[in-house]
Amino acid sequence: MPAPASNRSRARSADFGQWYLDVVRDAELASYSPVRGCIVVRPYGFALWEHVRDALDRRIKETGHENIYLPLLVPESLLETEAKHVEGFSPQVAWVTHGGADELAERLAIRPTSEAMVGAVYRDLIQSYRDLPVLVNQWANVVRWELRTRPFLRTAEFLWQEGHTFHASAAEAREEAERMLGVYREIWQDWLAIPTITGRKSEAEKFPGADVTLTGEALMGDRRALQMGTSHDLGSNFARAFDIRFLDRDNERRHPFGTSWGFSWRTIGAVIMVHGDERGLVLPPRIAPIHVVVVPIWRTVEERAAVEAAIAPVEAALRAQAVFGDQRIRVRVDRRDDVTPGYKFNDWELRGVPIRLEVGPRDVAAGTIVVAERLPATDGTGAKESVSVDHLPADVAARLERIQTRLLERSITFQRANTHRVSGWDELVDVNAAQGGFLVTGWCGSAACERDVQATTGATLRVLPFEGELEELEPPTACARCGAPASETAVFARAY
RNA sequence: CGGGGCGUGGCGCAGCUUGGUAGCGCACCUGCUUUGGGAGCAGGGGGUCGCCGGUUCAAAUCCGGCCGCCCCGACCA
């Protein structure tokens with residue numbers, strides 16, 4: 001069967017970067033727009049984001065937070081209030097300078113994030129210890145004037161969630177930052193089927209204005225790392241800068257302690273790069289816009305009628321079937337009559353639909369349906385099977401849950417296989433050049449050594465992992481750069 | 001921000017070196033045959049060649065300027 005000349009994805013193994021762009025385009029997740037650095041998220045891509053978003057939104061609410069909405073435009077004087085914050089973000093801020101024809105007296109920043117706005121707003125809303133804790137979140141777009149575009153991973157405008165909280169004590173704020181990183185970790189692992197190494201960022205890598213930045217780092221299919229989301233303990237930095245105070249039980253005025261945490265549509269890029277294969281997208285069932293696609297097969301109008309009649313009750317039964325607790329199976333019957341079944345098989349595989357059902361005259365006669373699973377090509381599984389119509393819904397639900405599990409197992413295996421303990425400078429340089437992946441080593445804590453590693457290898461200090469994150473690896477006891485006793489275990493990697 | 005590339009029907013591209021009726025694949029429309037792994041044949045519709053200026057009898061093609069986007073590197077979710 002001859003393939004069309006265009007619209008074929010590049011080989012993943014040959015050119016990972018181009019493969020990524022091809023998958024985004026061919027699976028109809030997103031396209032470029034007339035605006036530099038800004039993408040159009042198409043319905044299939046947005047549905048994917050919505051499933052991730054809804055799962056996270058539920059957990060954010062379950063952990064006691066409420067959603068709000070803050071202004072898009074931030075007066076320059078506000079943005080400048082916290083010194084380190086403005087220093088960190090100023091190179092990336094887009095400015096509104098005119099209203100109509102008139103130049104504004106004060107420029108307005110298009111929010112790169114909302115800490116400054118939160119500070120200004122909650123300065124007035126927080127008066128008493130009874131007003132604490134403040135636990136709010138917003139789903140919003142932000143703009144950071146990026147000089148390089150990669151759909152989902154790096155765009156000038158992107159969608160995310162930013163949580164903001166204030167607490168009466170430093171310990172409570174730290175707990176909150178840790179709690180929300182834990183919530184993120186659940187989503188990454190249980191929904192996106194992506195394992196992460198969680199921990200702290202170094203001073204050089206942390207959020208401008210934060211005391212501590214917590215992060216989750218994942219490994220993409222090309223062995224480069226991706227920061228999946230961050231959670232910041234802001235201490236009382238923003239409260240002091242914005243003069244936020246509360247009157248405590250003892251009648252003393254005190255600054256509250258803040259956190260902020262963000263999770264963006266970049267995670268969609270991670271799903272593509274972690275699970276995708278030579279045939280295109282592979283989606284974890286929990287977030288797949290379509291769980292099951294049904295492809296009818298027929299030649300004559302009589303056959304078509306018989307096949308349609310056989311599909312109707314199957315479709316209804318599948319839609320009624322529970323999966324993953326409270327979800328229902330999401331079914332699409334592909335009734336297009338301008339393309340052949342073969343075309344549809346390839347089309348839905350490219351788009352990562354976990355399960356395909358084929359129903360033709362032979363199946364109708366036998367009371368069966370052909371089931372094919374969309375698993376990574378290397379699994380060697382996914383051959384077609386004939387299944388009786390009777391227990392199809394339960395069978396499909398079980399398969400979806402098994403696929404979800406298998407994808408996670410597979411990505412954990414990949415991460416383990418590409419996490420290397422390196423104990424000295426030569427080994428660090430060699431392993432990074434030869435294999436890439438996560439490089440676990442000792443670090444003396446000095447910024448100079450951190451800089452040297454980056455300058456020489458291109459790998460950055462991704463994370464200082466929490467206790468137990470690398471349980472099977474005994475960390476080196478000396479700094480890989482200078483040989484001094486290590487005060488930290490560090491994970492270096494070339495990153496996106 | 002440095003380096004490179006590209007702007008030609010909806011999409012992907014060729015044509016430009018050497019100026020002379022704008023072409024190919026996909027998509028689209030009509031008909032017939034097809035349909036269990038990216039269908040075939042026949043006919044058909046659609047483009048002031050990114051913009052401005054210059055050279056020329058004549059510019060997609062040569063010259064100058066501008067704009068835009070993409071890719072590769074330094075910074076960032």
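Lettering follows sequence order; numbering is per chain, from 1.
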Who pairs with B:G53 - Watson-Crick or G-U, where each distance is under 3.5 Å:
B:C63
Can you tell if the side chain of A:R494 reaches within under 4.5 Å of the side chain of A:R223, non-hydrogen atoms only?
no
In the strands shown, is B:C75 matched to any nucleotide by a Watson-Crick or G-U wobble pair with both distances under 3.5 Å, and which?
none
Among the candidates B:C28, B:A77, B:G36, find the nucleotide nearest to the side-chain atoms of A:T155.
B:A77
For the side chain of A:R356 and the base of B:G37, is some donor closer than 3.5 Å to an acceptor across the two?
yes
Hey, is A:F158 stacking on B:A77? Ring centres under 5.5 Å, planes under 30°.
yes
Looking at A:F466 and A:R200, what are the two nearest heavy atoms and their distance?
CE2-N, 4.4 Å
Whole angstrom is fine here: how far is it from NZ in A:K206 over to P in B:A77?
14 Å
Has A:R332 got more than 12 heavy atoms of other residues, nucleotides or ligands less than 6.0 Å from its CZ?
no
Rounded to whole Å, how long is the line connecting atom CD of A:E28 with atom P of B:G12?
14 Å
For the side chain of A:T230, starting at C-beta, report the closest nucleotide among B:A77, B:G36, B:C76.
B:A77
Can you identify which nucleotide, out of B:U35, B:C76, B:G37, has its nearest atom closest to the A:E146 side chain?
B:C76
Rounded to the nearest Å, what distance is computed from the CD atom of residue A:E217 to the C1' atom of nucleotide B:A77?
11 Å
Looking only at B:C76, B:G36, B:C28, the nucleotide nearest the A:P361 side chain is B:G36
Is the A:F238 to A:H85 ring centre distance short of 6.0 Å?
yes
Under 4.0 Å between any heavy atoms, over every strand shown, what does A:I268 touch: base, sugar-phosphate, or nothing? Just pick one.
nothing
Heavy atoms only, 4.0 Å cut-off, all strands: where does A:Y184 land among base, sugar-phosphate and nothing?
nothing
Which nucleotide in the list B:A39, B:G37, B:C72 gets nearest to the side chain of A:Y343?
B:A39
With a non-hydrogen cut-off below 4.0 angstrom, is A:G262 in contact with a base, only sugar-phosphate, or nothing?
nothing
Atom-to-atom span, CD of A:E87 to P of B:C75 - whole angstrom:
15 Å
According to the Watson-Crick and G-U wobble definitions, with both distances under 3.5 Å, which nucleotide is paired to B:G46?
none
Taking any heavy-atom pair under 4.0 Å as a contact, classify A:T213: base, sugar-phosphate, or nothing.
nothing
Would you indicate which nucleotide in B:G37, B:C28, B:A77 comes nearest to any side-chain atom of A:R266?
B:A77
When we call it a touch if two heavy atoms are under 4.0 Å apart, what does A:V142 touch: a base, just sugar-phosphate, or nothing?
nothing
Of the nucleotides B:C71, B:C72, B:C76, which one has an atom closest to the side chain of A:L21?
B:C71
Using a cut-off of 4.0 Å on non-hydrogen atoms, how would the nucleic acid contact of A:Y496 be classed: base, sugar-phosphate, or nothing?
base
Is any side-chain nitrogen or oxygen of A:T340 closer than 4.0 Å to OP1 or OP2 of B:U35?
no
Name the nucleic acid region contacted by A:Q227, choosing base, sugar-phosphate or nothing; use a 4.0 angstrom heavy-atom cut-off, strictly under.
sugar-phosphate
Using the closest heavy atom to pick a nucleotide of RNA chain B for each, name whichever of A:A204 or A:D337 lands nearer the 5' end.
A:D337
Taking the P atom of each, how far is B:G47 from B:G64, in whole Å?
32 Å
When the P atoms of B:G12 and B:G50 are considered, how many whole Å apart are they?
14 Å
Distance in angstrom units between A:D347 CG and B:U35 C1', rounded
16 Å
Where the side chain of A:R362 is defined as all heavy atoms beyond and including C-beta, which of B:C28, B:G36, B:C72 is the nearest nucleotide?
B:G36
Spacing of A:H85 atom NE2 relative to B:C76 atom C1', expressed in whole Å
14 Å
For nucleotides B:C62 and B:C16, find the distance between their C1' atoms and express it as a whole number of Å.
9 Å
Could you let me know what B:U35 is paired to, Watson-Crick or G-U wobble, both distances under 3.5 Å, or none if it's on its own?
none
Taking the C1' atom in each of B:G10 and B:G46, what is the distance between them to the nearest angstrom?
10 Å
How do A:L153 and A:V359 order along RNA chain B: which one's closest nucleotide is nearer the 5' end?
A:V359
Can you check side chain to side chain donor-acceptor pair (under 3.5 Å) on A:R111 and A:T113, steps first, answer last?
CA-CA 5 Å; A:R111 63 178 163 222; A:T113 176; over 6 Å; no
Whole-Å distance, A:D26 CG to B:G12 P, equals 11 Å
Paired nucleotide for B:G10 [Watson-Crick or G-U wobble; both distances under 3.5 Å]:
B:C26
Could you state the atom-to-atom distance from CD of A:E205 to C1' of B:A77 in whole Å?
13 Å
Say we look at B:U48 and B:G31: how far apart would their C1' atoms be, to the nearest angstrom?
34 Å
Measuring only the P atom in each nucleotide, how far is B:A60 from B:G9? A whole number of Å is fine.
14 Å
Between B:C49 and B:G19, how far apart are the C1' atoms? Round to whole Å, please.
15 Å
Think A:R299 has a side-chain N or O under 4.0 angstrom from the OP1 or OP2 of B:U35?
yes
Please check if the number of heavy atoms outside A:E66 that lie under 6.0 Å from its CD is greater than 12.
no
Closest nucleotide among B:A77, B:G36, B:G37 to the A:D363 side chain:
B:G36
What contact category does A:G37 fall into here, base, sugar-phosphate, or nothing, at under 4.0 angstrom with non-hydrogen atoms?
sugar-phosphate
Got a sec: does the CD of A:E203 have more than 12 other heavy atoms crowding it under 6.0 Å?
no
Within the 4.5 Å heavy-atom criterion, are A:H65 and A:E176 side-chain neighbours or not?
yes
So, OP1 or OP2 of B:C75: does either fall under 4.0 Å of a side-chain N or O from A:Q454?
yes
Quick one: the side chain of A:K344 and the base of B:G36, do they pair up donor-acceptor inside 3.5 Å?
no
Quick one, A:Q138 with A:S114, criterion side chain to side chain donor-acceptor pair (under 3.5 Å). Give me CA distance, side-chain angles, the key distance, then yes/no.
CA-CA 9 Å; A:Q138 79 166 343; A:S114 300; 3.1 Å; yes
Given B:G37, B:G36, B:C76, the nucleotide with the shortest approach to the side chain of A:Q92
B:C76
Rounding to an integer number of angstrom, what distance separates B:C51 and B:U35 when you compare their P atoms?
47 Å
Looking at A:W145, I'd like to know if its CH2 atom is crowded, meaning that more than 12 non-hydrogen atoms belonging to other residues, nucleotides or ligands lie closer than 6.0 Å.
no
Do A:R144 side-chain and B:C76 base share a donor-acceptor contact under 3.5 Å?
no
What does B:C69 pair with, Watson-Crick or G-U, if both distances are under 3.5 Å?
B:G5
